[in-house]
Amino acid sequence: MKNYYHVLYLGRSKGLSILNKRWVQTDSFTRAHQYSRIHPKSPQTPHPFSNSHFSRNRCRIVSNVSHNYPPPSLSNLNLNNHHAQISTMHTLQVSDHEVDNQLDYQVKVKESEFISATHAPNHEFWMPLSNLDLLLPPLAAEGFFCYQKKDETAMSMEMVVKTLKESLAGVLSIYYPLAGEIVPNRHGEPEVLCNNNGVEFVQAHADVDLKSLDLHHPDESVKGKLVPKLNRGVFSVQVTELNCGSIIVSCAFDHRLTDAKSCTIFLTAWAEFARFNKISNIPSFRSSILSPRRPPRYDTTFEDMYIPVSSLPPPPPSYVEDPLCSRFYYIDAESIQQVQSQASTKDIRRSKLQSFTAYIWKLLAQKRDCDANETTRVGVIVNGQKFLTGNTDEELSYLKTHYGNILSIPYGKENNHHLNEMTLDEVANKVNAFVNTASNEEHFRGLVDWVELHRPEPGVARIYFKLDETDGDAVVVSAGYGLQTEIMQFGWGEPEFGSYHFPWGGQTGYITTAPSAKNNGDWVVYTHLKQKHLDLIDSKASHVFKPLSQSYLNFR
C-alpha cells in the first residue's frame with residue numbers, strides 16, 4: 001500500500017463513502033470495453049409531478065452536527081487489489097485540522113429518505129463507464145446554492161421540499177443512471193448499476209443566519225454541515241433551512257459519472273422540470289460513443305500527461321502531507337480585464353481563463369520557500385465535448401448531449417527562476433501552448449485509446465504527483481464550465497450565491513472560477529490550496545483576490 005500513497009491522498013473525498021460492494025456475475029455482459037451492452041431508450045418525459053413516488057426506504061432521523069463532528073473519511077483505493085476495490089472506499093482517520101471549525105453552529109437532520117425515479121426502465125441493467133470516466137478517481141464534486149428569504153408562501157420550507165422532491169423524482173426518469181449506483185463488474189472495473197435505488201434526500205435545519213455564514217472559510221462554515229455526504233449511489237441532495245428562513249440547496253455527485261458540464265446540464269433540467277418547463281437538454285448515456293478506435297493508437301505525448309498507477313514511485317522516506325485548505329474569493333470585472341490585458345500583446349489577445357492561469361502560475365513561483373531550481377506546475381481542465389465530431393449526424397448529436405466525463409488535464413512546468421523573470425504575456429504563451437495540445441479531436445480520441453491499451457489497470461493524470469526530483473508544487477485550474485446561479489430557479493427566485501465546492505484532497509491544488517450571481521462580470525473563485533499558497537495570495541495578490549465577505553454578498 002505504501003507504493004500507492006499518491007492515490008490514497010488523491011482519492012480522499014469529504015464524506016464520499018460509497019457502500020456499493022456488491023459483485024454481480026452474469027454471462028450476458030462481457031468486458032466493458034467490448035461494448036456488448038443493453039441500452040434501452042431513455043424513458044419519455046413524464047408529466048411533472050404525476051404519480052411521483054419517494055423512496056421505498058424512508059426513515060426519519062434526528063441528529064445534531066456541530067463543529068465537533070467526527071473526522072471525515074479518507075478514501076482508500078486498495079491498489080494492491082484494485083480490481084476488487086476500484087469502486088469501494090475504506091475509511092481512515094484524517095488530520096485534526098479538517099475538523100477545527102471556528103463557526104460554532106449545529107445542523108439538525110430532520111429527515112432522510114431516498115427519492116426514486118417516477119418512471120424508470122422496468123429491469124436492472126449495467127451501464128459501462130466510458131474510457132474517459134475511468135480516468136477519474138472516486139471523488140465527490142459538490143455544489144451549494146443560497147436562497148435568501150423573500151416571500152412567506154413561496155419560500156416556506158414545506159413548499160421548497162415538496163417541489164424539490166417531486167421534481168427530482170420526475171427528472172430522474174430522464175437522468176435515470178443518477179438513481180443507480182457504481183459497483184465493480186466481474187472484471188473489477190466500475191460500472192453504473194441502473195437499479196433505481198434512489199437519491200438520498202436530506203432535510204435539515206441549521207442554527208445560524210445566512211448573514212452570519214463566513215463563506216470565505218468554507219472549511220469552517222460549509223464542509224460537513226451544509227453539503228451532503230455521498231453515502232450511497234452517485235448523487236445526493238441536502239436542503240437546509242436557516243434560522244432566518246433562508247434556504248441552502250446542495251448536492252454531491254460522484255465525479256466518475258459526472259463532470260462539471262454534466263452537473264450543470266442536470267441541475268438546469270431539474271429546475272426546468274420544477275417550473276413545468278420543457279427540458280432543454282435530453283442526455284445521452286451511450287458510453288459507446290467514446291469507443292476506442294480499431295486498432296487503438298496514440299502518440300507519445302500521452303506518456304507525459306498520464307501514467308498507469310503501477311508506475312507510481314514509492315513515497316519518499318520523509319513524506320509528510322501538507323494539508324490543503326479551502327477559500328472563496330471574488331475578483332471584480334476590472335481586475336479580470338487588467339490581468340487579461342497584461343497577459344495579452346498588441347497582436348494576440350488571450351482568453352480570460354488562460355490569462356488567469358498564467359497569473360496563478362507566475363504567482364506560485366514567488367512563494368518564500370521557493371527553490372529557484374525547482375519547477376512549478378500548472379494544469380488546465382479542458383472539456384473535449386466541443387472538439388469531438390462524429391461520423392454521422394446521429395453520432396454528433398449523441399456527443400453533444402453526452403452525460404459523463406470528457407476531460408483532459410494538460411499541464412506545463414517551468415523553472416521558478418525563469419517564471420519570475422518572464423513577463424505575464426510570456427507565461428500566457430506557455431499556457432496557451434500546453435492547452436492547445438489538448439484542444440482538438442485527435443487528443444481526446446488518442447486519450448480514449450491510451451486508456452483502452454492500459455485497461456484494466458487504472459490510469460491517472462501526472463500533474464497529481466511529484467515524479468521528478470525537481471517537481472515542486474502543482475495547481476489545476478478549471479473554468480467551472482458554465483455554472484450560473486440563474487439556472488437554479490425552482491420557482492421561488494434565483495439564489496443569491498452559488499458555487500462548486502470541491503475539497504478533493506491530495507497535494508495538488510485546485511482553483512475554479514464561476515460568474516458572480518451579481519451578473520456584473522465579477523468572478524467567484526473557489527480555491528483549495530496549501531496554506532503557504534493562500535498566504536501568498538493574501539500578501540501579493542490581495543488587490544486581485546478579495547475575500548468573499550458579507551459586504552460583497554449583501555445577505556440580510
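In this text, all values refer to a predicted model and were calculated from it rather than measured experimentally.
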Aromatic Y552 / basic K518 pairing, under 6.0 angstrom, 45° off normal: yes
Check: V309 and E457 side chains under 4.5 Å, non-hydrogen atoms: yes
Ion pair R297/D449, N-O distance below 4.0 Å: no
Sidechain N-carboxylate O distance under 4.0 Å for D259, K261: no
L548 side, atom CG; S499 side, atom OG - distance, nearest 0.5 Å: 8.5 Å
Ring centre gap for Y526 and H501 strictly below 6.0 Å: yes
T264 and Y500: side chain donor to acceptor below 3.5 Å: yes
Check against salt bridge (Lys or Arg N to Asp or Glu O under 4.0 Å), D473 and R377: CA-CA 6 Å; D473 293 322; R377 295 163 295 144; over 6 Å; no
Side chain to side chain contact (heavy atoms under 4.5 Å, CB included) evaluation trace for F356 with I336: CA-CA 8 Å; F356 175 71; I336 297 169; over 6 Å; no
Pair D304 + R462, salt bridge at N-O below 4.0 Å: no
Non-hydrogen side-chain atoms of M488 and L267 separated by less than 4.5 Å: yes
Donor + acceptor pair across side chains of H417, N373 (<3.5 Å): no
Ring pair (Phe, Tyr, Trp, His ring centres under 6.0 Å) between F328 and F545, worked out: CA-CA 9 Å; F328 275 112; F545 288 82; over 10 Å; no
Any side-chain heavy-atom pair of S341 and Q338 under 4.5 Å: no
Any side-chain donor near an acceptor of the partner, T423 and D425, under 3.5 Å: yes
Working for side chain to side chain contact (heavy atoms under 4.5 Å, CB included), residues N281 and T268: CA-CA 9 Å; N281 285 290; T268 301; 5.6 Å; no
Pair F502 + H255: ring centers closer than 6.0 Å: yes
From CG (L135) to CG (L407), nearest 0.5 Å: 9.5 Å
Heavy-atom side-chain contact between P503 and E142 under 4.5 Å: yes
Side chain S335, main chain I331, donor-acceptor under 3.5 Å: no
Any donor-acceptor N or O pair under 3.5 Å, side chains T389, E441: yes
Donor + acceptor pair across side chains of T301, D299 (<3.5 Å): yes
Min side-chain heavy-atom separation I409-V476 under 4.5 Å: yes
Distance-only donor-acceptor check, side chains T240 and Q238, under 3.5 Å: yes
Polar side-chain atom of S212 near backbone of V208 as donor-acceptor pair, under 3.5 Å: no
Closest contact, heavy atoms only, R350 versus S355: CB-OG, 3.5 Å
L467 backbone acceptor or donor facing D471 side chain under 3.5 Å: yes
Between NZ on residue K413 and OH on residue Y411, distance to nearest 0.5 Å: 5.5 Å
Crowding at CD, E421 (>12 non-hydrogen neighbours, <6.0 Å): yes
Side chain to side chain donor-acceptor pair (under 3.5 Å) assessment of T485 paired with E494: CA-CA 7 Å; T485 54; E494 297 178 7; 5.0 Å; no
Candidate pair T258 and Y403, rule side chain to side chain donor-acceptor pair (under 3.5 Å), full reasoning: CA-CA 7 Å; T258 304; Y403 190 99; 2.9 Å; yes
Polar side chain donor-acceptor pair, Q550 to N554, under 3.5 angstrom: no
H454 NE2 to I307 CD1 distance, which is reported to the nearest 0.5 Å: 9.5 Å
Inter-residue atom distance L257.CG - C263.SG, 0.5 Å rounding: 11.0 Å
Stepwise side chain to side chain contact (heavy atoms under 4.5 Å, CB included) check, F235 with D254: CA-CA 6 Å; F235 176 51; D254 191 317; over 6 Å; no
Heavy atoms of other groups near K386 NZ, more than 12 under 6.0 Å: no
Aromatic centroids of Y329 and W523 separated by under 6.0 Å: no
Y306-S408 side chain donor-acceptor pair, cut-off 3.5 Å: yes
Distance (rounded to the nearest 0.5 Å) between Q337 CD and Q342 CD: 12.5 Å
Side chain K530, main chain P323, donor-acceptor under 3.5 Å: no
Check ion pair R445-E442 (N to O, under 4.0 angstrom): no
Side chains of I511 and T527 in contact at under 4.5 Å (non-hydrogen atoms): yes
I248 and L213, any side-chain heavy atoms less than 4.5 Å apart: yes
is_close_aromatic(F387, H443), centroid dist under 6.0 Å: no
Residues in side chain to side chain contact (heavy atoms under 4.5 Å, CB included) contact with D133, at least two apart in sequence or another chain: L129, S130, N405
Side-chain donor-acceptor pair present, T376, N416, cut-off under 3.5 Å: yes
Distance-only polar pair, side chains of Y298 and E303, donor-acceptor under 3.5 Å: yes
Sub-4.5 Å side-chain heavy-atom contact between I265 and T401: no
S250 side-chain N/O to L226 backbone N/O, donor-acceptor pair under 3.5 Å: yes
Test side chain to side chain contact (heavy atoms under 4.5 Å, CB included) applied to Q507 and K466, step by step: CA-CA 9 Å; Q507 290 292 281; K466 293 184 178 182; over 6 Å; no
No-hydrogen, no-angle side-chain donor-acceptor test under 3.5 Å, T470 and E374: no
Expected output: side-chain S351 to main-chain Q354 donor-acceptor under 3.5 Å: yes
Centroid-centroid under 6.0 Å between W504 and Y510 rings: yes
Basic-acidic side-chain contact under 4.0 Å: K546, D332: yes
